[in-house]
Number of protein chains: 2
Amino acid sequence: MTASGFDTHDHGHCMAQALQTAEETCARKGLQLTAQRRRVLEILLREHRAMGAYDLLDVLRADGLGAQPPTVYRALDFLVGHGFAHKLERLNAFIACAHPGERHAPSFLICKSCGLVAEMPSEGISQAVMTAAGGLDFVVDRAVVEAEGTCRSCRGAAA
Amino acid sequence: MTASGFDTHDHGHCMAQALQTAEETCARKGLQLTAQRRRVLEILLREHRAMGAYDLLDVLRADGLGAQPPTVYRALDFLVGHGFAHKLERLNAFIACAHPGERHAPSFLICKSCGLVAEMPSEGISQAVMTAAGGLDFVVDRAVVEAEGTCRSCRGAAA
DNA sequence: TGGCGATTCGTTATAACATAACAGGACACG
DNA sequence: CGTGTCCTGTTATGTTATAACGAATCGCCA
């Protein structure tokens, strides 16, 4: 369905769609997409990049809302907990989910040159992790997979 | 060659061997395994678990050495940079490499119950990551792979 | 042998990331 | 209309990591 994250695409559309999906999902599951939570999700969608919690805080404040760190972290806990956003452990940063609604164990590509982050297909990776872990008799709940490297356009620019 | 990390094994032996490997590798490559660096590596090997930088600092201080955060972080930069230790991004913690000398892209298993960490075989995982990334025309330098779950003995204890 | 550069280390301070704890408000439900 | 639950505001603090600068050491070589 979706652009790779390194490709250009219709921002407005993808943002509106993600928000709508979040609203529908919350309605269906009885979750409260409150103003704060929605606001943080909107910022992540609009910026379309990995942002630190304090980056988000700066944006909230620039928009004239008084806010403190716990406000942001609480919103992020909700969004991450319900799959509307993800945390990038390598960057201590957060990003809106590229496939909200779809059940997935996210895997990320992080371009060291331009800083862009994309979700990549993770079925094969999850499978490989399960297999390797199973060999040590370990049951995996969740796997952090974050690959760093260079995206196509940055390789092109370097050449 | 090596125990899984969840298995019991001869600590003294694995520690001595790892230290010797580090010394030989440094000698061969012209790297300086200074007292500080060696000290931090020894602590990581002895404790045989993931430790925060400030945990290491506490141990150094308990041993009577005045030390400040940069001292520890510099030693860790060296050890991680040359493959004698790894950083666990998920935990913001560090652990001695279980296979020093062998070239490898480490993948980890983190038991949420007992906190133990093991390196797991990563060939299949690296392959899967490359494949997925290649599909988006992305070249991977390095992949963080950290799976959380439950090890065998903790599952046994829970049952 | 004396200066030079490179590397390491000590130290102070501060930046960046994250949470504890408690009070108050909104709202549903009996 | 009381009570419990969930969410938010606020203050303070805890945890992780780095910037910046100066001094010590050591190899190199003119």
Side-chain angles (χ1 to χ4, degrees), chain A residues 22-23 26-27 29-44 49-61 63-82 84-95 110 115 117 144 146, chain B residues 22-23 26-27 29-44 49-61 63-82 84-95 110 115 117 144 146:
Chain A
E23 273 170 4
C26 287
K29 296 193 185 173
L31 303 172
Q32 303 187 46
L33 187 62
T34 62
Q36 301 280 8
R37 293 166 177 177
R38 188 190 163 103
R39 185 105 197 73
V40 170
L41 179 55
E42 282 173 359
I43 295 168
L44 285 174
R49 61 187 173 92
M51 301 180 75
Y54 283 72
D55 295 336
L56 285 160
L57 192 53
D58 289 343
V59 175
L60 286 174
R61 286 172 170 166
D63 289 0
L65 295 102
Q68 297 297 329
T71 303
V72 174
Y73 280 102
R74 286 194 281 234
L76 287 169
D77 282 349
F78 174 87
L79 296 172
V80 170
H82 295 97
F84 303 125
H86 302 297
K87 178 168 187 182
L88 291 155
E89 299 291 345
R90 183 65 165 98
L91 305 177
N92 292 320
F94 301 84
I95 193 164
I110 302 169
V117 174
V144 172
E146 298 172 9
Chain B
E23 273 171 3
C26 287
K29 296 192 184 175
L31 303 172
Q32 304 186 45
L33 187 61
T34 63
Q36 301 279 7
R37 292 167 178 176
R38 188 190 165 102
R39 186 108 196 71
V40 170
L41 180 55
E42 282 173 0
I43 295 168
L44 285 174
R49 61 185 174 92
M51 301 180 74
Y54 284 76
D55 295 335
L56 286 161
L57 192 53
D58 289 343
V59 175
L60 286 175
R61 286 172 169 167
D63 289 0
L65 294 102
Q68 297 297 330
T71 301
V72 174
Y73 280 102
R74 286 195 281 234
L76 287 168
D77 282 349
F78 174 87
L79 295 172
V80 171
H82 295 97
F84 304 124
H86 302 297
K87 177 168 188 182
L88 293 154
E89 299 291 344
R90 187 60 170 61
L91 305 177
N92 292 320
F94 301 84
I95 193 165
I110 303 168
V117 174
V144 172
E146 299 173 8

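Naming convention: chains lettered A, B, ... in sequence-line order (proteins, then strands); numbering from 1 in each chain.
Within the 3.5 Å criterion, the main-chain N or O of B:A67 finds a donor-acceptor partner in the side chain of B:R61. The backbone N or O of A:E89 sits less than 3.5 Å from a side-chain atom of A:E146, completing a donor-acceptor pair. With hydrogens and angles disregarded, a donor-acceptor distance shorter than 3.5 Å links the side chain of B:R37 to the backbone of B:Q32.
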(Q) Would B:L33 and B:F78 count as a side chain to side chain contact (heavy atoms under 4.5 Å, CB included) here? Give the steps. (A) CA-CA 9 Å; B:L33 187 61; B:F78 174 87; 4.2 Å; yes
Q: Please test A:D55 against A:I43 for side chain to side chain contact (heavy atoms under 4.5 Å, CB included), starting from the C-alpha separation and ending with a verdict.
A: CA-CA 10 Å; A:D55 295 336; A:I43 295 168; over 6 Å; no
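For the pair A:Q36 CD and D:dT8 P, the interatomic distance rounds to 6 Å; values are reported in whole Å. Protein atom CG of A:L57 is 12 Å distant from nucleotide atom C1' of C:dA18, rounded to whole Å. Between B:K29 atom NZ and C:dT7 atom P there is a gap of 17 Å when expressed in whole angstrom units. Remark: C1' of C:dT8 and CG of B:L76 are 15 Å apart, rounded to the nearest angstrom. Remark: P of D:dT8 and CG of A:L60 are 12 Å apart, rounded to the nearest angstrom. The distance between atom CG of A:L56 and atom P of C:dA16, rounded to the nearest whole Å, is 15 Å. Taking atom CZ of residue B:R61 and atom P of nucleotide C:dG10, one finds them 12 Å apart after rounding to whole Å. Spacing between atom CG of B:L33 and atom P of C:dC9 amounts to 10 Å, rounded to whole angstrom units.
Look at B:Q32 and you won't find any side-chain N or O under 4.0 angstrom from OP1 or OP2 of D:dC26. Here B:T34 reaches the OP1 or OP2 of C:dC9: one of its side-chain N or O atoms lies under 4.0 Å away.
The heavy-atom pair separating B:F94 from B:V80 by the smallest distance is CD2-CG2, 4.1 Å.
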Q: Classify every nucleotide of nucleotides 16-21 of chain D by which part a protein heavy atom approaches to under 4.0 Å, writing B for the base, S for the sugar-phosphate alone and - for neither, in 5'-to-3' order.
A: BBBBB-
